[in-house]
**Q** 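Could you have a look at this structure, given as structure tokens, before my questions?
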Amino acid sequence: VSQVPVAEGKSLQQTVELLTRKLEALGAEKQGPFSVDCETYHTAAAISSAGQMGKLMYVMHNSEYPLSCFALFENGPCLIADTNFDILMVKLKGFFQNAKANKIESRGTRYQYCDFLVKVGTVTMGPSARGIAVEVEYCPCVIANDCWNLLMEFMQSFMGNHAPGIPSVFSTKHDSVYSPADTMVQYMELFNKIRKQQQVPVAGIR
């Protein structure tokens, strides 16, 4: 999962169209829409304790796994629960409070190209588009490090020099099996990066 910068002289939407046209030119076929969303919760106790930042928890959904809900702590474990987890979070509001203005999601089109699954999404926060996320999966392989070079070569074919470096989640996996939680961790990191980019004062952007 990686962020693609907006092409020079183009709008965010035009950049998404450029990427999808390149994919279609390769022979990738549209497979319908996809979405990944993330809501931020902070520990309620931490709000009252003077000057201390509370732990953040991210509750995420992925249309690829419609019956699951993912709860992730920063630098911590990832809990995979069923979709009723959202209702549980409402009941836990004494412990976790929803940072309502912080909901962020990636929506777009899912493409299949041979054994590759590609999702090109527009990342939005509230009403405004904030960036472009691309997720690429090589379906036959479950050991991430075994197929990284192949993934890289494929990503370069339509992302050019914007193809990402090896994700940090790979360094902890080594030869173990890649799981849906690893994808969600990458989305969480990407969403947090995009949130931070928005906090830069406009005057400081060249």
Side-chain angles (χ1 to χ4, degrees), residues 1-4 12 16 33-110 117 119-137 144 164 167-173 176-202:
V1 179
S2 68
Q3 186 180 3
V4 176
L12 195 138
V16 169
F34 84 93
S35 66
V36 177
D37 66 62
C38 173
E39 290 201 60
T40 307
Y41 289 82
H42 38 71
T43 44
I47 304 160
S48 55
S49 59
Q52 258 195 326
M53 253 315 282
K55 251 197 160 186
L56 295 178
M57 183 170 85
Y58 303 95
V59 176
M60 304 177 73
H61 304 89
N62 186 335
S63 56
E64 201 71 18
Y65 312 103
L67 300 178
S68 298
C69 178
F70 301 83
L72 296 88
F73 280 103
E74 247 176 326
N75 312 318
C78 173
L79 167 76
I80 303 174
D82 65 22
T83 41
N84 291 340
F85 190 77
D86 291 317
I87 299 157
L88 181 66
M89 287 308 292
V90 175
K91 293 186 173 172
L92 290 175
K93 63 174 181 276
F95 302 96
F96 290 101
Q97 292 188 354
N98 190 336
K100 286 198 166 50
N102 255 343
K103 182 166 180 177
I104 188 165
E105 59 185 347
S106 175
R107 284 179 179 276
T109 309
R110 195 174 179 275
L117 191 58
K119 298 170 191 170
V120 181
T122 303
V123 179
T124 53
M125 222 176 136
S128 58
R130 298 294 178 91
I132 302 161
V134 175
E135 178 191 338
V136 182
E137 180 185 344
S168 57
V169 74
F170 280 29
S171 59
T172 55
K173 298 298 285 187
S176 55
V177 173
Y178 187 87
S179 71
D182 298 320
T183 300
M184 300 313 281
V185 167
Q186 289 181 66
Y187 268 110
M188 177 189 79
E189 288 170 354
L190 177 73
F191 288 161
N192 282 341
K193 185 175 136 194
I194 288 174
R195 274 197 195 99
K196 285 183 181 115
Q197 284 168 355
Q198 303 311 315
Q199 289 163 3
V200 176
V202 177

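Numbering starts at 1 and runs along the sequence shown.
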**Q** Using every non-hydrogen atom in the two residues, find where Phe34 and Val120 come nearest and quote the distance to one decimal.
**A** CE2-O, 3.6 Å
**Q** So, taking the atom named CD1 in Ile194 and the one named CD1 in Ile132, what distance separates them when rounded to the nearest 0.5 Å?
**A** 9.0 Å
**Q** Taking C-beta and beyond as the side chain, do Phe191 and Met60 meet within less than 4.5 Å on heavy atoms?
**A** yes
**Q** Would you call Val59 and Phe96 a side-chain contact if the rule is heavy atoms closer than 4.5 Å?
**A** no
**Q** Looking at every heavy atom in both Thr83 and Pro66, which two are closest together, and how far apart are they?
**A** CG2-O, 3.3 Å
**Q** So how far is it from Ser2 OG to Gln186 CD, rounded to the nearest 0.5 Å?
**A** 9.0 Å
**Q** What distance separates His42 NE2 from Tyr58 OH, expressed to the nearest 0.5 Å?
**A** 10.5 Å
**Q** For Glu189, which residues count as a salt bridge (charged side-chain N to carboxylate O under 4.0 Å, His left out) partner, sequence neighbours excluded?
**A** none
**Q** Do Asn98 and Glu39 make a side-chain contact, defined as non-hydrogen atoms from C-beta onward lying under 4.5 Å apart?
**A** yes
**Q** Strictly by modelled atom types, are Arg195 and Thr40 linked by a side-chain donor-acceptor pair under 3.5 Å?
**A** yes
**Q** Taking the side chain as every heavy atom from C-beta outward, state whether Arg130 and Ile104 have any pair of such atoms under 4.5 Å apart.
**A** no
**Q** Run the side-chain hydrogen bond (donor to acceptor under 3.5 Å, both in side chains) test against Asp86 and tell me which residues pass, sequence neighbours left out.
**A** His61
**Q** To the nearest 0.5 Å, what is the distance between CG on Asp82 and SG on Cys69?
**A** 8.5 Å
**Q** Ala129 and Thr122: which non-hydrogen atoms are nearest, and at how many Å?
**A** CB-CG2, 3.9 Å
**Q** Ignoring hydrogens and geometry beyond distance, is a side-chain donor-acceptor pair present between Asn62 and Tyr187 at under 3.5 Å?
**A** no
**Q** Shortest non-hydrogen contact from Pro33 to Arg110?
**A** O-CD, 4.4 Å
**Q** Taking Ser63 for its side chain and Ser35 for its backbone only, find out whether a donor-acceptor pair lies under 3.5 Å.
**A** yes
**Q** With rounding to the nearest 0.5 Å, note down the distance linking OG1 in Thr183 to CD in Glu135.
**A** 5.5 Å
**Q** Anything under 30° is parallel, anything over 60° is perpendicular, the rest tilted; go ahead and classify Phe70 against Tyr65.
**A** perpendicular
**Q** Which heavy-atom pair separates Ile80 from Ala181 by the least distance, and what is that distance?
**A** CD1-CB, 4.2 Å
**Q** What distance separates Asn192 CG from Cys38 SG, expressed to the nearest 0.5 Å?
**A** 7.0 Å
**Q** Tell me, do Tyr41 and Leu92 make a side-chain contact under 4.5 Å, heavy atoms counted?
**A** no
**Q** With side-chain contact (heavy atoms from CB on, under 4.5 Å) as the test, pick out the partner of Val36 among Met188, Glu64, Met184, Arg107.
**A** Met184
